[in-house]
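Throughout, a chain's letter reflects where its sequence line sits, starting with A, and its residues are numbered from 1. Here the structure is a predicted model, which means the values were calculated and not measured. Below, all heavy atoms of this structure are taken into account, side chains as well, without hydrogens, waters or symmetry copies.
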Protein chains: 2
Amino acid sequence: MAINKKEAFTDTDQKLADLAKAMAHPARIAILRILAQRNTCICGEIVEVMPLAQATVSQHLKELLNANLIKGTIDGKKSCYCINWETFKNFNADFNTLFGDLQVSAANQACC
Amino acid sequence: MAINKKEAFTDTDQKLADLAKAMAHPARIAILRILAQRNTCICGEIVEVMPLAQATVSQHLKELLNANLIKGTIDGKKSCYCINWETFKNFNADFNTLFGDLQVSAANQACC
DNA sequence: TTTTATCATCGTATATTTACGATATATAAT
DNA sequence: ATTATATATCGTAAATATACGATGATAAAA
């Protein structure tokens with residue numbers, strides 16, 4: 001059991017799920033919030049603000065990179081990260097395609 | 001190791017992460033898509049469309065219920081589900097508070 | 001009442017995620 | 001050259017998630 005059935009779904013659904021998964025941990029949301037609020041590269045400083053060990057933060061950053069939610073470069077001794085707004089725009093678009101169009105009709109929905 | 005550190009983060013970040021987690025599987029995205037497209041209760045029929053065993057689909061539905069992303073009632077022999085638009089509206093709002101405001105300035109962002 | 005149909009829950013095997021210490025790597029400082 | 005600093009990677013233990021068969025519960029049909 002626990003065979004991976006994820007490839008049995010459409011690419012769109014897998015893509016959305018992967019993005020959601022990358023955001024499915026408060027530590028990663030917190031990282032994104034920090035980067036979004038400053039809206040510029042942050043070199044270092046991230047680990048100090050997080051209530052997690054350095055190795056763990058690094059792991060979370062890697063997951064955000066894999067999902068293309070952030071961009072990173074190495075600047076001398078430090079590593080710099082910033083939001084990848086392109087991905088967020090796409091996510092918002094896909095998300096709204098899925099659900100947004102119908103939200104207007106939510107008011108006159110009579111079920112459950 | 002693997003001690004749960006999730007409560008070390010803010011309620012807002014935990015809430016967003018939980019919602020993201022509930023959507024972090026293509027099967028659950030697919031279910032939400034089906035419900036959203038019809039925009040009405042669906043009684044039965046969901047299992048037949050999914051490439052998963054009945055028990056697994058039921059498990060996914062339960063997670064969506066827990067996250068308040070869908071509503072469910074029992075109608076005789078069948079169970080009926082529909083989108084909980086309220087939650088989606090809130091999610092969109094929270095999500096946009098986090099990231100949406102800054103997307104305008106993404107163009108003149110010069111880093112990484 | 002017995003049977004059938006629909007769905008939830010239980011038990012369980014496997015896969016994946018989370019977290020950290022230890023270690024590696026690479027630059028900057030001395 | 002040596003040391004200090006910053007960050008990534010490795011190894012690994014524990015926690016969660018995924019998936020399904022078996023079983024339970026409930027209501028409609030016979």
Think [X] has a side-chain N or O under 4.0 angstrom from the OP1 or OP2 of [N]?
X	N	answer
B/Lys5	C/dC20	yes
B/Asn4	D/dT16	yes
A/His60	C/dT17	no
A/Ser58	D/dT9	no
A/Tyr81	D/dA8	yes

- Message: Quick check on DNA chain C: between A/Pro51 and A/Lys21, whose nearest nucleotide comes earlier from the 5' end?
- Response: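 On the 5' side of the pair lies A/Lys21.
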
Applying a 4.0 Å non-hydrogen cut-off, can you work out what [X] is touching in the nucleic acid: base, sugar-phosphate, or nothing?
X	value
B/Lys78	sugar-phosphate
A/Ile74	nothing
B/Ala53	sugar-phosphate

Are [X] and [Y] close enough that some pair of their side-chain heavy atoms sits under 4.5 Å apart?
X	Y	value
A/Leu98	B/Leu32	no
A/Ile70	A/Leu64	yes
A/Ile42	A/Tyr81	no
A/Asp11	A/Gln14	yes

Atom pair distance, as rounded to whole Å: [atom1] in [X] and [atom2] in [N]:
X	N	atom1	atom2	value
B/Met50	C/dT6	CE	P	18 Å
A/Asp18	D/dT18	CG	P	12 Å
A/Glu45	D/dT5	CD	P	17 Å
A/Lys62	C/dA19	NZ	P	16 Å
A/Met23	C/dT17	CE	P	16 Å
A/Glu7	D/dA19	CD	C1'	13 Å
A/Leu61	C/dA19	CG	C1'	15 Å
A/His25	D/dT16	NE2	P	10 Å

- Item | Closest listed nucleotide, where the reference is the side chain of B/Lys77 and the choices are C/dC20, C/dA5, D/dA6 |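 Of the options given, the side chain of B/Lys77 lies nearest C/dA5.
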
- Message: Counting distance alone, no hydrogens or angles: does the base of D/dA6 have a donor or acceptor under 3.5 Å from a partner atom on the side chain of A/Gln54?
- Response: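 Such a pair does not exist between side chain and base.
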
- Item | No-H, no-angle donor-acceptor pair, B/Gln59 side chain to D/dA19 base, under 3.5 Å |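 Between D/dA19 and B/Gln59, which were checked side chain against base, a qualifying N/O pair under 3.5 Å is present.
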
- 5′-ward residue of the pair A/Lys6/A/Thr56 relative to DNA chain D: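 Per heavy-atom nearest nucleotide, the more 5' residue is A/Thr56.
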
- Residue mapping more 5' on DNA chain D - nearest nucleotide basis, B/Ile3 or A/Ser79: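 Closest to the 5' end, via its nearest nucleotide, is A/Ser79.
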
- Query: Considering all heavy atoms of both residues, which atom of B/Arg28 and which atom of B/Lys21 are nearest to each other, and what is their separation?
  - Reply: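 Taking every non-hydrogen atom into account, NH2-O, 3.2 Å.
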
- Could you tell me whether B/Phe91 and A/Phe95 have their ring centroids closer than 6.0 angstrom?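 Yes; A/Phe95 has its ring centre under 6.0 Å from that of B/Phe91.
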
